[in-house]
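Proteins get letters first, then strands, A, B, ... in listed order; numbering begins at 1 in each. Only this structure's heavy atoms are used, side chains among them; waters, hydrogens and symmetry mates stay out.
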Amino acid sequence: MNMEHIADSVFQLVARIPKGKVTSYKDLALGAGTHARVIGRILHTNVDPKKYPCHRVVHSDGSLAGGYVFGGPSKQQQRLEDEGVVFTSKHKITKDYFFHF
DNA sequence: TGTGTGACGATCG
DNA sequence: GCGATCGCCACAC
């Protein structure tokens with residue numbers, strides 16, 4: 001039960017997120033068996049936007065992370081909108097798009 | 001080994 | 001509703 005297993009679990013869960021849906025750091029943390037802060041650390045350490053849709057990971061309240069390194073939150077929002085996610089406010093979505101494992 | 005920091009969450013004012 | 005503070009775990013120095 002090391003951090004590699006945790007990271008692998010996180011990426012597996014991220015890959016399981018269906019198109020047009022998002023998930024929160026908390027859900028990933030509960031699914032991977034770690035804390036929400038670790039999720040952000042793992043995603044920031046393993047930068048693979050082509051393999052893992054890290055743009056589908058948002059805060060528990062539905063707001064974007066803001067630390068999206070692949071073009072900023074605007075890019076992340078645009079990508080989510082392209083997948084069918086509608087933003088109610090600036091960089092904020094409804095919990096209806098939250099995908100629970 | 002110990003301290004500080006961070007893609008966060010929840011609570012308090 | 002928003003800003004500030006504490007708590008959380010893993011990692012860098």
Side-chain angles (χ1 to χ4, degrees):
Chain A
M1 195 60 174
N2 46 28
M3 66 217 162
E4 304 247 340
H5 178 239
I6 296 176
D8 185 64
S9 301
V10 172
F11 286 117
Q12 289 298 322
L13 292 174
V14 172
R16 273 187 201 171
I17 304 174
K19 188 176 182 180
K21 294 279 185 180
V22 297
T23 189
S24 61
Y25 290 89
K26 187 172 182 293
D27 288 342
L28 289 175
L30 294 176
T34 182
H35 194 259
R37 273 203 100 94
V38 184
I39 305 299
R41 183 161 292 280
I42 291 173
L43 291 177
H44 196 215
T45 304
N46 299 269
V47 280
D48 288 316
K50 297 188 295 288
K51 295 175 67 66
Y52 305 103
C54 43
H55 61 271
R56 289 180 186 161
V57 185
V58 298
H59 288 283
S60 60
D61 58 354
S63 58
L64 295 181
Y68 195 64
V69 207
F70 312 113
S74 302
K75 185 75 175 184
Q76 187 179 4
Q77 176 178 350
Q78 189 175 358
R79 206 154 211 189
L80 289 173
E81 286 180 341
D82 185 64
E83 293 187 354
V85 179
V86 180
F87 281 71
T88 63
S89 306
K90 214 83 176 176
H91 298 170
K92 212 141 186 221
I93 64 177
T94 60
K95 62 181 173 70
D96 182 60
Y97 291 102
F98 271 78
F99 175 71
H100 199 289
F101 299 103

Taking the minimum atom-to-atom distance to the side chain of [X], which one of [options] wins?
X        : options                 : answer
His35(A) : dA10(C), dA7(B), dC8(C) : dC8(C)
Tyr25(A) : dA10(C), dA7(B), dC8(C) : dA7(B)
Ser24(A) : dA7(B), dC9(C), dG9(B)  : dG9(B)

Along DNA chain B (nearest heavy atom to each residue), the more 5'-positioned of Arg41(A) and Ala36(A): Arg41(A)

dT5(C): pairing nucleotide in any strand, Watson-Crick or G-U under 3.5 angstrom: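 Here dT5(C) is engaged in a pair, and the nucleotide opposite it is dA10(B).
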
Only pairs with both distances under 3.5 Å count, Watson-Crick or wobble alike; so what is the partner of dG4(B) in this structure?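 Across all strands, the one nucleotide that pairs with dG4(B) is dC11(C).
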
Could you check if a side-chain atom of [X] sits within less than 4.5 angstrom of a side-chain atom of [Y], using non-hydrogen atoms only?
X        : Y        : value
Gln77(A) : Phe87(A) : yes
Phe11(A) : Leu43(A) : yes
Leu28(A) : Ile42(A) : no

When all nucleic acid strands are considered with a 4.0 Å heavy-atom cut-off, which category describes His44(A): base, sugar-phosphate, or nothing?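 Base, at least one base atom sits under 4.0 Å.
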
Whole angstrom value for the distance that separates P of dC8(C) from CD1 of Ile42(A):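 Computing the Ile42(A):CD1 to dC8(C):P distance gives 19 Å.
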
Does dG9(B) have its OP1 or OP2 closer than 4.0 Å to a side-chain nitrogen or oxygen of His59(A)? yes

Distance check: side-chain N/O of Ser60(A) vs OP1/OP2 of dG9(B), anything under 4.0 Å?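 It does, given that an N or O in the side chain of Ser60(A) lies less than 4.0 Å from OP1 or OP2 of dG9(B).
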
Does one hydrophobic cluster hold both Tyr52(A) and Tyr68(A), with members joined at side-chain heavy-atom distances below 4.5 Å? no

